[in-house]
Amino acid sequence: MSRLTATATCTAHRAIVEQTGQVVPQPLLAERVAWLTGLARELTADLVAGRWSAADLDALASGVGLDGCALPAKGWMAVRRLGWGLSPAAGVHMCDRVARCAQEQAARLLRLVLHRRELVAAIVATWPREPGKRTDAEWNALRAVLPDGVGTAEIRNRTRQIRAYRDAHDGMLPADLTQLEEPPACAAQIVLAAADRQLATLERTGEHGARLRVKLPLTASPASAKDWAWHLLPITLPPTVPAEAKLCTPTLRVAKGRVRVDLPFQIPIGFAPATGHVIGCGFDWGLNSLLTGTVGHLTAEGRVVSDGRPLAYDASGVSAKLHRLRAEREHLAAKRKHQERLLAGITPADPRFAELAAAYEVISVEHERLCARIRHLNKALAWSAARWALDQALAAGATVIYVEDLATLEARGRRGRANARLSGQVRGQVVEAIRHLAAKHSIAVVTVPARGTSKYCPRCGDGTSLLRHCPAPDRLAERGWAWAHCPACGLSCDRDWAAAERILARGLLGQQATRTDRTTGTRTIRQVVEGNVARARRARKATRAARRARRTRTDLHPRPAARDRAKNRPTPKRPTSTPNRHAANNVTTSSRVPDRRTVPAPPPTRGGQRPAGQAPQTTRPAERTGLVRDPHQRTGFHRVAATPVLPLGDYADGPPRPRPPDLPEILR
């Protein structure tokens with residue numbers, strides 16, 4: 001058993017002064033917490049800016065203190081072992097624990113800088129002749145000096161940054177990251193994890209409640225110990241924090257006039273092995289849908305067999321809304337920049353300055369609200385897709401989920417535009433959410449190389465049969481993007497489905513090459529192992545008529561008796577329609593059925609009008625694509641169409657799959 005650490009954001013609405021019993025309302029509590037976070041932020045910014053040099057970063061990267069001993073894992077202790085002290089402002093009194101929290105935050109920032117510094121040093125040492133196009137020899141030389149886990153996209157981004165610096169400094173390359181970037185910004189927060197009982201304590205008061213005891217300043221510049229007082233902050237825990245969770249010391253910050261308590265908690269989880277998987281799910285970042293997946297198992301002969309059922313999470317409606325919000329955000333950003341230029345061109349004494357300043361403030365607030373709306377919608381969509389993917393894995397009895405490695409995906413060509421849109425949406429958030437949810441059910445999440453998953457045929461499996469992309473299955477001769485056709489074996493299916501099958505095959509066949517990162521715990525397969533994927537549907541249970549025919553040894557579908565085809569009666573005439581199409585009993589029929597039929601909106605069950613938007617279509621589209629728009633499928637959006645979560649039985653020649661005991665409530 002191990003532990004899974006997560007963070008729940010809570011809100012402290014009030015506090016009680018422990019000594020006097022005075023109730024502190026939310027505005028006053030937010031002001032006092034802001035004073036505390038402001039003191040910690042000033043100390044952190046001074047420490048980071050004062051140690052922003054190559055010599056100090058080398059000392060931190062060496063991992064050895066002034067006494068010759070190894071630096072401890074705790075940041076504030078490592079900073080003190082290096083002799084990096086802090087001194088508060090003149091006339092300000094604070095306990096040593098506040099400085100300890102500031103040193104912890106500064107150490108975390110500087111340790112994050114070490115990775116970027118090592119990456120920049122490797123790129124500068126192996127600077128290519130043409131930065132936009134490296135040769136194979138240059139790539140090999142760069143990979144030899146790079147740290148582990150660095151993706152191609154990160155390399156190209158840093159290369160562009162270094163090239164811009166070189167162009168601005170007459171062809172001179174930066175000697176260190178400190179020349180390339182300014183010191184990182186410090187957030188207005190205080191990390192209470194570095195403190196002890198002299199500054200903060202936390203205890204649980206019930207299944208859904210906790211109490212934080214913290215010492216807060218009573219003034220913006222406390223001059224003595226009398227300007228500090230203990231405050232009791234009652235906290236209501238969200239439903240995501242189980243009763244058996246272990247609460248850790250939180251982080252305090254102020255956002256929009258409210259005190260936010262970022263509360264870490266730990267829950268016990270089972271161990272998910274990296275190898276030995278037989279049943280797995282593969283998901284592709286689709287162009288036709290947000291997520292497209294498939295379920296398959298590895299046979300004893302080393303073949304990958306899929307159940308032949310595609311899994312799709314179509315969030316095109318939500319994506320369209322996000323695109324509209326982004327366009328509006330860019331429009332507001334352009335207007336704000338224009339007003340900044342206007343304000344820079346006039347003086348405050350100008351009579352137009354006040355009007356422009358007021359308009360600039362309004363647009364800034366609207367831009368911030370729109371950005372927050374986009375972030376919240378992205379987060380909700382990411383967790384909805386992650387829950388749907390986990391439900392599909394639980395229903396299939398899978399023990400591993402394979403996804404594409406985001407570090408190997410780049411925005412290039414026509415696919416690049418779609419990749420850029422999807423990357424801005426929820427890709428990274430979906431992967432993190434899947435990892436978090438899968439860890440609770442002891443399901444491993446492994447990333448596989450994404451290169452060539454949509455290019456080659458999954459049925460041929462040799463990695464050389466190129467797929468022909470076309471618009472639709474009945475337009476194979478045209479060039480398109482949504483559909484895939486293999487001229488070698490005749491495979492014709494959705495291109496995202498074919499890519500999901502290749503991802504599944506690369507994972508199940510190459511699971512012996514799974515590598516686990518010691519610091520983050522993420523699992524990755526970097527070696528590409530090709531193999532074909534066979535499709536075998538589950539055998540259906542015999543109907544009652546079939547069982548009766550087998551028992552009575554009769555034909556289930558007997559051929560009708562021959563009849564006399566002699567012409568002995570007149571041919572009946574079909575009724576003809578009258579030109580009056582508005583007649584009550586007149587119905588015009590046609591032998592041609594349209595591909596899409598308009599479904600009328602359902603009658604309102606309550607007073608008022610029906611909500612805006614297209615009515616859910618549950619007849620033809622569900623029969624044709626298998627996607628349903630059902631809120632009970634845990635999608636969380638009325639504009640999302642997803643494949644229903646169905647527990648499938650045995651298929652092909654694989655082992656029997658018992659029904660998991662912890663299925664979602666909708667499957668019980």
Side-chain angles (χ1 to χ4, degrees), residues 277-289 291-314 389 392-393 395-404 448 452-470 472-474 476 482-511 528-541 622-627 642-657:
H277 302 288
V278 178
I279 304 176
C281 291
F283 291 97
D284 174 63
W285 305 108
L287 299 176
N288 309 326
S289 58
L291 276 179
T292 303
T294 186
V295 180
H297 78 273
L298 184 65
T299 63
E301 294 79 12
R303 299 176 62 247
V304 179
V305 181
S306 172
D307 62 349
R309 189 172 71 104
L311 311 175
Y313 186 90
D314 185 6
Q392 295 288 357
T399 59
V400 62
I401 296 176
Y402 296 106
V403 294
E404 286 182 306
V448 300
T453 54
S454 301
K455 186 177 182 180
Y456 301 103
C457 176
R459 181 178 297 179
C460 298
D462 54 357
T464 58
S465 300
L466 295 176
L467 288 175
R468 180 182 299 169
H469 298 142
C470 52
D474 56 346
L476 300 180
W483 200 259
H485 171 67
C486 180
C489 64
L491 175 68
S492 181
C493 65
D494 184 271
R495 64 167 292 156
D496 298 335
W497 184 15
E501 289 184 340
R502 285 182 55 83
I503 292 172
L504 178 65
R506 287 184 177 183
L508 291 178
L509 296 177
Q511 55 182 309
V528 177
V529 180
E530 302 292 354
N532 66 323
V533 181
R535 296 179 182 176
R537 286 190 178 274
R538 172 176 58 99
R540 295 185 177 182
K541 187 177 180 180
E623 296 173 1
R624 183 175 63 252
T625 63
L627 305 183
T643 304
V645 180
L646 300 175
L648 301 179
D650 304 336
Y651 60 90
D653 54 350
R657 296 182 295 174

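In this structure, Arg535 and Cys493 have side chains that are in contact, with non-hydrogen atoms separated by less than 4.5 Å. Counting heavy atoms from C-beta outward, Leu509 and Leu298 have side chains that approach closer than 4.5 Å. Looking at heavy atoms from C-beta onward, Asp314 lies out of side-chain contact with Thr292 at the 4.5 angstrom threshold. The closest side-chain heavy-atom distance from Pro458 to Val304 is not below 4.5 Å.
For the atom pair OG of Ser289 and CG of Asp284, the computed distance is 8.0 Å after rounding to the nearest 0.5 Å. Once rounded to the nearest 0.5 Å, the distance linking CD1 of Ile503 with CH2 of Trp285 reads 9.5 Å. Distance check: Cys281 SG to His297 NE2 gives 13.5 Å after rounding to the nearest 0.5 Å. Within the model, atoms CG of Leu311 and CG of Asp496 stand 12.5 Å from one another, a figure rounded to the nearest 0.5 Å. Once rounded to the nearest 0.5 Å, the distance linking OG1 of Thr453 with CZ of Arg495 reads 8.0 Å.
By the side-chain contact (heavy atoms from CB on, under 4.5 Å) test, Thr399 pairs with His277, sequence neighbours left out. Residues satisfying the side-chain contact (heavy atoms from CB on, under 4.5 Å) test with Ala472, not counting sequence neighbours, are Asp474, Arg475. Shown here are the side-chain contact (heavy atoms from CB on, under 4.5 Å) partners of Cys470, two or more places apart in sequence or in another chain: Leu476, Trp483.
The nearest pair of heavy atoms linking Tyr313 to Ala642 is CD1-CB, 3.8 Å. Residues Ala389 and Leu291 approach most closely at CB-CD1, 4.5 Å, considering heavy atoms. In terms of heavy-atom proximity, Ser454 sits nearest to His469 at O-NE2, 2.9 Å. Val645 and Ala395 get closest at one heavy-atom pair: CG1-CB, 3.7 Å. Closest approach of Gly296 to Leu508, counting heavy atoms only: O-CD1, 4.2 Å. Between Arg459 and Cys489 the shortest heavy-atom distance is CD-SG, 3.8 Å.
A donor-acceptor contact shorter than 3.5 Å links the side chain of Ser306 to the backbone of Val295. Counting only distance, with no hydrogens or angles, the side chain of Gln392 and the backbone of Thr643 share a donor-acceptor pair below 3.5 Å.
Heavy-atom contacts from other residues, nucleotides or ligands closer than 6.0 Å to CZ of Arg468 number 12 or fewer.
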- Given side chain to side chain contact (heavy atoms under 4.5 Å, CB included), test Arg502 with Val533 step by step and report yes or no. CA-CA 7 Å; Arg502 285 182 55 83; Val533 181; over 6 Å; no
- Message: Run Cys460 and Cys486 through side chain to side chain contact (heavy atoms under 4.5 Å, CB included) and show every step you take.
- Response: CA-CA 9 Å; Cys460 298; Cys486 180; 3.8 Å; yes
